[in-house]
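Every chain is numbered from 1 and lettered A, B, ... according to where its sequence line falls, protein lines coming before strand lines.
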2 protein chains.
Amino acid sequence: MQEKPTSFDIAQLAGVSQPTVSRALRGSPTVSEATRRKIEEIARQLNYKVDKNASNLRSQHTNTLALLLFEDPTPDDSLINPFFLSMLGSITRNCAIRGYDLLVSFQQLSGNWHTDYQDSGKADGVILLGYGDYDEYRWRLDKLVAEGANFVRWGSVQEGQPGITIGCDNLQGGYEITRHLIGLGRRRIAFLGAASSGYPEFQDRYRGYVKALSEAELPVLAANQVDAISTEESGHEAALTLIGRGLDFDAVVCASDLIAIGAIRALQEHGLAVPDTVAVTGFDDILAANFANPPLTTIAQDSREAGAALVDALIGQIGKQTVESRMLPTRLVVRRSCGGAPT
Amino acid sequence: MQEKPTSFDIAQLAGVSQPTVSRALRGSPTVSEATRRKIEEIARQLNYKVDKNASNLRSQHTNTLALLLFEDPTPDDSLINPFFLSMLGSITRNCAIRGYDLLVSFQQLSGNWHTDYQDSGKADGVILLGYGDYDEYRWRLDKLVAEGANFVRWGSVQEGQPGITIGCDNLQGGYEITRHLIGLGRRRIAFLGAASSGYPEFQDRYRGYVKALSEAELPVLAANQVDAISTEESGHEAALTLIGRGLDFDAVVCASDLIAIGAIRALQEHGLAVPDTVAVTGFDDILAANFANPPLTTIAQDSREAGAALVDALIGQIGKQTVESRMLPTRLVVRRSCGGAPT
DNA sequence: CTGAAAGCGCTTACAG
DNA sequence: CTGAAAGCGCTTACAG
C-alpha cells in the first residue's frame, strides 16, 4: 500500500502550482484546457482522490446528508417498517443523483440527536423519518428550527408545523379506500389504528375514513375504532379487541399493511372469512401486501417520489432557497382482500 | 443562527489552551478532573461539537464505514432484496454500537466503485453487499486486495477467495431443507435457482440439495433444475419452465423466498396444490415468507448476527488485527408450504 | 490563466 | 498536568 498522493504530488508532476491542481480537478473554467487535461491524466494514473476531510473543512460544506431513522419503542431489526426501508432505498438513490453522500443512523425517539450531525460538520442537513409519538418529539423540531438547522421530515403535512414536512395525502388515502368499500356495499366499517395527535398520519387516515362514512350518511361509532401501532402483533391484538366488543362489522380499514395482516390473522382465527364476511384494507403497499392471504387492497405511497421530494427539499434549503412543505398523491391498489377485484 | 463555536472559544472561556480542550473532550487521562469538568460544562452550554472534518483530517481516520449495496441488473427501488434491507438495519445498528458512522451507497455492479471511499478519506473501510454475477466482479476484489483496502464482503465463504468474506452456511441450509422434504416423504424434488459459479451462494444451496438427494439415494436429474435470480418474476418464470418440461415432481426447493413465492403462483395457476401436490420451500426468511399463501417453510439467515459479524470483522481489519472469513449457521423454519407443519 | 499566501479546526509530538 | 508549535490537505481571496 503506497503513500496516498496529494494535490502537491500532482502539481509537481504536472509542473504547476498546487492550487491549479485543485481548480482543474473541480472543473474551474479559469484553468486552460491543456493544463486541465494534463492534470486529470496524472491524477488518474496516481489514482488520486481529493481528500474530503480537507476540502470539507476548508469549504465548510460536506455534500453529505444525514438520514435519521426513528423507531420507538422496538429496538428490533426485524421490526423496521418495510415502508421506511423502501424509502431509504429511494433516498439513497436520489442523494447519489444529486451528488450527495448519505449518512444513515437509527435513533431512539427519546435519544439525544438534535443537530449533532450538522454541528459536527458531518452533514449539511438532516432527513427525519419514522413513526413514533409525535407529541413526544415536536419540541425537538422547534429546537431544530430555533438553531437554524437544515432539516426535512416525512410525516403529516399540516399548517403550523415547525420546519418543512413532506408527506403523502393521508386524508385522501383514507377517504378513497373507505369510499371503495362503501361502493362495494360494505356498511358497517371499523377502523384499526391510533387516531390520536401522537400519530398524525394515522389520524389523517382516520379523518378520511370518517369523511367517507359521513358523506355516505353512515354512522361513525367510537366503538368501531381501536388503537394500533404499525406492527403485525398490534394489528392482531386490535382486531381481537374489536371482535371482543361484539359489534357487527363487515369491513375493517387498517391504518397500515402490517396492521391489516395482523387483523386478517385474528379474523381468520375466529372463523371470519376475508373478504367474504369481513373485507380488510391496508395502507402503504409494502411487498408483503401483495403476498398476503388474501392479497391486500391498500393505498400505495410512492416511495420513489417521496425520496426525491425529501432530498430535493433539503438540498434546496441548504442552498438557501425557499422550499415549501409538500403533500404527495396516493394511489388505490385493489386486490382480493376487499372482495372487489375481478375474480 | 449564531457563529459555530470552536475549541478556541471554549479554551478562552475556560482559561486554558486550545489543545487542553481537545484532550479534555476526548477523555484523555492526562487532563485533571477539575479542568475537564469545567471544559465539558462550557462545551455543553455553547452546544459545542468537535468538527469531524478537522479531526479526521488531522488524525487520518474517520470512524466511518461505507456500505456499498449492489444490485444488478435492476435499478428499481422496489426490487431491493428484502434480506439485504434487513441486513442494512443490522449493520447500521452495529456501527452505532461500535461508535462508527455509516455511509450508505447503492452501486451498479458494473460501476466504478473500488476504493473511492477510502481514498477520499470518507470512510476507513467498506462493506460489500449484494447479489449479482460473481464472475463479473471478482477481479475488482483482487484489485481491492492489491490496493491494501479495508473491506469485508457478504457472500459465499470458500477457500481462496480474495479478502474477508462473511456468509451463512448455504450448503448446510440447502442440505437441511432438502432432508426435511425427504423426511416428509417427497421423492421427486426439483430445484429453482442459478446453480452456476456466477451465483456462488445459490450454487452452494444447490450443492446441499444434491448432497441430501445423493445420501437418500435419490436420482439427481439435470432436468429438475432451472436457473432463476432472486425475484418473484424470475421464480414464476422458472416454475413455468419446469412445468413445461412435463416431468413429474412433488417438491420444489427454491434458492430464495422471492423465487418460492413466484413459483407458488405459477404452480397454483396450473392447478397444482401447494403443499398437497407440490411442496415448496424458500431461503432467507424475509417478512413476506411468513405471510405467503401458504406460509413458506424456509431457511432463516440471522441478519442480526450477520451485521455484527461484518462490522466486527471490518473494524478488526482497520485495527490491523488478523480477521478470518466466517460462516454463520442457518436455521430451518417449518411452515405450511412443505406440508409438514403441525396443523 | 496561474501562483504565493493564508487559513479551515482540529490532533499530535515535544517540552516543561 | 498543561502549553507553544506544527501540520493534516485542501479552497479561497488576492495579485499579477
- [ ] Please determine if a side-chain N or O atom of Gln18(B) lies less than 4.0 Å away from the OP1 or OP2 oxygen of dT2(D).
- [x] no
TODO: Nearest whole angstrom, please: distance from the P of dG9(D) to the CG of Asp51(B).
DONE: 17 Å
- [ ] Provide, to the nearest angstrom, the distance between the NZ atom belonging to Lys122(A) and the P atom belonging to dC8(C).
- [x] 22 Å
TODO: Say whether, by atom type as modelled, one donor and one acceptor occur between the side chain of Ser90(B) and the main chain of Ser303(B) under 3.5 angstrom.
DONE: yes
Task: Sugar-phosphate only, base, or nothing, as touched by Thr30(A) at under 4.0 Å among non-hydrogen atoms - done: base
Open item on the list: Regarding Glu40(A) and Arg44(A), does a basic nitrogen lie under 4.0 Å from an acidic carboxylate oxygen?
Closed with: no
- [ ] Using only side-chain N and O atoms of Ser32(A), determine if any of them is under 4.0 Å from OP1 or OP2 of dC1(C).
- [x] no
So which protein N/O to nucleotides 13-16 of chain D N/O distances come out below 3.5 Å?
{"from": "dA13(D)", "atom 1": "N6", "to": "Arg23(A)", "atom 2": "NH1", "distance (Å)": "3.4"}

Task: Nearest-Å distance for atom pair CD/P, residues Gln60(B) and dC10(C) - done: 16 Å
- [ ] Answer yes or no: does a side-chain N or O of Thr35(B) lie under 4.0 Å from OP1 or OP2 of dT2(D)?
- [x] yes
Task: Atom pair OG1 (Thr64(B)) and CG (Asp124(B)), whose distance is rounded to the nearest 0.5 Å - done: 6.5 Å
Task: Which nucleotide in dT12(D), dC10(C), dT2(D) has an atom nearest any side-chain atom of Thr6(B) - done: dC10(C)
- [ ] Please report the shortest heavy-atom distance between Ala24(B) and Val31(B), naming the atom on each side.
- [x] N-CG2, 3.8 Å
TODO: Could you state the atom-to-atom distance from CZ of Arg58(B) to P of dC10(D) in whole Å?
DONE: 15 Å
- [ ] Answer yes or no: does a side-chain N or O of Tyr48(B) lie under 4.0 Å from OP1 or OP2 of dG9(C)?
- [x] no
Open item on the list: So, does Arg36(B) get its side chain near the phosphate of dC1(D), meaning an N or O under 4.0 Å from OP1 or OP2?
Closed with: no
Open item on the list: Please determine whether a side-chain nitrogen of the Lys or Arg among Glu41(A) and Lys38(A) lies less than 4.0 Å from a carboxylate oxygen of the Asp or Glu.
Closed with: no
TODO: Quick one: list whatever passes salt bridge (charged side-chain N to carboxylate O under 4.0 Å, His left out) with Arg326(A), sequence neighbours left out.
DONE: Glu305(A)
TODO: Please report, rounded to the nearest Å, how far the P atom of dC1(C) is from the NZ atom of Lys38(A).
DONE: 15 Å
Open item on the list: How many whole angstroms separate atom CG of Leu57(B) from atom P of dC10(C)?
Closed with: 12 Å
Task: Closest non-hydrogen atom pair between Ala306(B) and Leu328(B), with its separation - done: CA-CD2, 3.5 Å
Open item on the list: What is the separation between atom CD1 on Ile10(B) and atom P on dT2(D), rounded to the nearest whole Å?
Closed with: 16 Å
Task: Each stem that DNA chain D is part of, given as range with range (3 or more consecutive Watson-Crick or G-U pairs, under 3.5 Å) - done: C:1-3 with D:14-16, C:5-12 with D:5-12, C:14-16 with D:1-3
Task: Sugar-phosphate only, base, or nothing, as touched by Ser55(A) at under 4.0 Å among non-hydrogen atoms - done: sugar-phosphate
Open item on the list: For a quick test of reading the model: is some side-chain N or O of Ser17(A) closer than 4.0 Å to OP1 or OP2 of dT2(C)?
Closed with: no
Task: Rounded distance in Å - CG (Asn56(B)) to P (dC8(D)) - done: 16 Å
Open item on the list: Within the structure provided, determine whether Asn47(B) and Glu147(A) are in side-chain contact (heavy-atom separation under 4.5 Å).
Closed with: yes
Open item on the list: Are the side chains of Val145(B) and Phe151(B) in contact, using a 4.5 Å heavy-atom criterion?
Closed with: yes
Open item on the list: Below the 4.0 Å mark, does dG3(C) have OP1 or OP2 next to a side-chain nitrogen or oxygen of Thr20(A)?
Closed with: yes
Open item on the list: Closer than 4.0 angstrom, basic N to acidic O: yes or no for Asp101(B) and Lys52(B)?
Closed with: no
